[in-house]
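Chain letters run A, B, ... following the sequence lines, proteins first, then strands; residues in each count from 1.
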Amino acid sequence: MIPALWNSVVLAQATAPASQGVGLVHMTPAGWAFMIISNVAVIWLTAWCFYKVLTRPEVIDHMQAPPELEPKDQP
Amino acid sequence: MAQQAKERWSSRLGIILAVSGSAVGIGNFLRFPGLAAQNGGGAFMIPYFLTLLLVAVPIGWAEWTMGRFGGQLGFNSSPAIFGAIGRNRFWRYVGVLGLLIPVCVFMYYIHIEAWCLSYAWLYLTGGMDAVMGNDPGLYSQKSEAFFNRVTGTAADGEALNSLVSLENGGAMLFWLVVFLLNFVIVYRGLSRGIEWFCSWTMPIMVLCSLIVLARVLTLGTPDPSKPEQNLLNGLAFMWNPRSPNPDEPWWYALKNPDIWLAAGGQVFFTLGVGFGIVMNYASYLRRRDDVVLSSLTSTATNEILEVSVAGFITIPAAFIFLGATVITSSTYGMGFVVLPAVFEHMPPIWGIPSVRLIGFVWFFMLFLAAILSSLSMLQPVIAFLEEALGVGRRASSAILAFVTGAGSLFVAYFSRNGAAVETIDFWVGTAMIYALALMQAILFGWVIGPRRGIAMASEGAAIKLPPGFGLVIRYVSPLFLGSIFIVWLTFNLPKYWRQVMDGGVPLYSMLLIGAVLAFFCVLTAIGSQRWNAEARGHEAFAELKPERIGGKG
């Protein structure tokens with residue numbers, strides 16, 4: 001959501017050594033694996049969630065019954 | 001305020017889109033790709049997903065559950081909900097953080113939103129052509145100089161000039177427009193305002209992001225004289241796992257605490273956990289509305305835009321045209337300096353220049369992402385003012401407009417080197433968010449207790465909570481989050497504390513934060529009497545009997 005926008009500069013400075021190994025790059029098998037697994041996982045999760053949301057029937061008690069009239073929770 | 005708390009979401013999808021819109025922001029498109037590329041590339045995704053599973057998702061479920069429970073008591077604001085669950089004054093005032101954070105963040109976030117709209121307007125009308133000129137060698141310099149003028153980093157008060165002049169992009173004129181737009185939408189109410197706006201805007205934002213994505217993925221090798229700067233190598237730059245030391249295997253990156261810190265922080269901020277916003281939104285749910293699947297769906301929506309869209313746009317595009325030097329850019333630098341220069345280099349589409357189109361679509365998308373987030377920062381405070389003072393939406397909107405407007409002008413005036421933004425962003429936009437999320441995890445895991453909490457969350461749930469959730473929310477999430485928080489403070493606190501002690505704008509900014517905090521504490525004290533009486537009268541409140549709290553959980 002809201003990034004710690006200005007602090008990202010601080011983080012960038014703190015983590016600069018991590019990027020020093022980057023020169024001319026070509027896609028490695030590990031790179032393909034991380035890219036594919038990360039994205040398949042996220043896309044699958046999103047698709048599954050929306051499928052469940054859109055296919056689930058609406059709840060019955062949508063007429064805003066006051067809480068006092070609702071049955072008590074089972075212990 | 002039980003009688004006033006009649007606002008409801010009109011559909012299940014409505015709240016999911018609203019929470020997703022609140023979570024998706026500028027950080028998804030600019031901060032995540034930069035951090036990932038700087039911190040091990042693909043290796044970054046391991047701590048990223050672990051934090052997502054162990055901290056963000058569990059606390060998200062807790063926040064949704066507590067919010068819905070508060071709504072059953074007729075409460076929609078975090079001080080009232082925290083106080084009702086915690087059953088003492090301490091928790092009520094902890095809940096004040098859920099007001100302070102959105103209000104203070106709104107004060108500077110609205111400016112970033114205005115910059116995005118200003119850039120989108122300039123691309124649409126051709127104004128950026130004059131800004132960038134025709135010399136490709138000077139694009140980056142001109143882009144940076146223009147951004148510095150827009151933000152007024154050279155001197156205090158400089159940003160305010162754009163109220164009377166369009167020379168600096170008219171940022172303050174756009175600030176006025178977006179400020180009014182935010183309040184008009186929020187004033188229309190939850191269903192007719194926020195939900196209606198999100199249900200239209202989210203699809204448009206996704207469409208815009210897909211247009212830019214399609215453009216980047218079809219770039220190929222735009223400059224034949226630099227064959228190494230092609231799409232595939234741009235993706236490699238983003239996704240190849242690597243260690244800080246190129247002689248070591250990539251998994252040595254996981255030994256680096258900075259990478260864990262960066263990944264933890266990013267997951268945490270991108271989902272908006274700890275803002276108090278989700279708790280407010282969930283309080284408008286009905287008792288048997290699902291929270292488990294809705295929370296997960298909102299998280300997944302945020303993630304797909306961050307990982308699967310932004311992960312393929314920002315860094316690969318910047319790499320293709322500008323090479324590996326882009327890795328050192330900050331969030332602001334990437335969004336407002338690097339990418340405008342990148343757009344200028346983009347080749348035509350079927351012979352038609354694409355700079356204006358892509359530039360406009362990109363910044364309009366960022367504007368939509370920003371306004372979806374800023375809207376969500378206003379609603380919790382409006383609900384609080386209604387509850388604490390017993391006033392209507394018009395009065396609460398007016399009070400909030402005065403407070404945020406004054407704070408936002410303060411930020412605009414003290415623009416030199418972004419000192420005011422930096423101070424508020426550190427103390428409120430980062431430190432207090434960590435603190436509030438930690439308190440939410442403790443409230444759910446230790447005060448309500450996992451067993452009772454799981455029962456509450458499972459009521460009306462469309463899917464089951466995973467096994468082990470109780471253990472995670474009680475022990476793992478607070479410890480994991482607390483560790484990140486402490487390490488982060490160790491790195492950053494001394495510097496920012498010294499700045500405040502040195503006086504000047506950081507000190508003034510702290511005084512502003514203190515004034516807003518005091519204002520909310522006084523209103524909380526005023527509202528407390530009414531809330532106590534109302535909470536005791538509810539059956540739902542009686543379900544949280546002291547003997548069920550804590551120990552057996």
What part of B/F312 gets within 4.5 angstrom of chain A, counting heavy atoms only: side chain, backbone, both, or neither? side chain
Below 4.5 Å, heavy-atom pairs only: which of B/S294, B/A369, B/G21, B/P241 has the largest tally toward chain A? B/P241
Hey, which of B/A462, B/G41, B/G311 has the most heavy atom pairs under 4.5 Å with chain A? B/A462
How long is the span from the CD1 atom in A/I37 to the CE atom in B/M45, to the nearest 0.5 Å? 11.0 Å
Heavy-atom cut-off 4.5 Å, strictly under: side chain, backbone, both or neither for B/L372 against chain A? neither
Within the structure provided, determine whether A/H26 and B/N233 are in side-chain contact (heavy-atom separation under 4.5 Å). yes
Select one option (side chain, backbone, both, neither) describing which atoms of B/F49 are under 4.5 Å from chain A's heavy atoms. side chain
Please list, chain by chain and in numerical order, all residues satisfying side-chain hydrogen bond (donor to acceptor under 3.5 Å, both in side chains) with B/Y434, sequence neighbours excluded. none
Calculate, to the nearest 0.5 Å, the distance between atoms CD1 and CH2 belonging to A/I36 and B/W239 respectively. 10.5 Å
Heavy-atom distance under 4.5 Å between the side chains of A/R56 and B/D290, does that happen here? yes
Strictly distance-based, threshold 3.5 Å: is any side-chain N or O of B/R12 a donor or acceptor partner for the main-chain N or O of A/P57? yes
Portion of B/L30 that has a non-hydrogen atom of chain A nearer than 4.5 angstrom: neither
Less than 3.5 Å apart, which donor and acceptor atoms pair up between the side chains of residues 38-50 of chain A and the rest of the protein, not counting sequence neighbours?
{"from": "A/S38", "atom 1": "OG", "to": "A/F34", "atom 2": "O", "distance (Å)": "2.7"}
{"from": "A/N39", "atom 1": "OD1", "to": "B/S308", "atom 2": "OG", "distance (Å)": "2.8"}
{"from": "A/N39", "atom 1": "ND2", "to": "A/M35", "atom 2": "O", "distance (Å)": "2.7"}
{"from": "A/T46", "atom 1": "OG1", "to": "A/V42", "atom 2": "O", "distance (Å)": "2.7"}
{"from": "A/T46", "atom 1": "OG1", "to": "B/A300", "atom 2": "O", "distance (Å)": "3.2"}

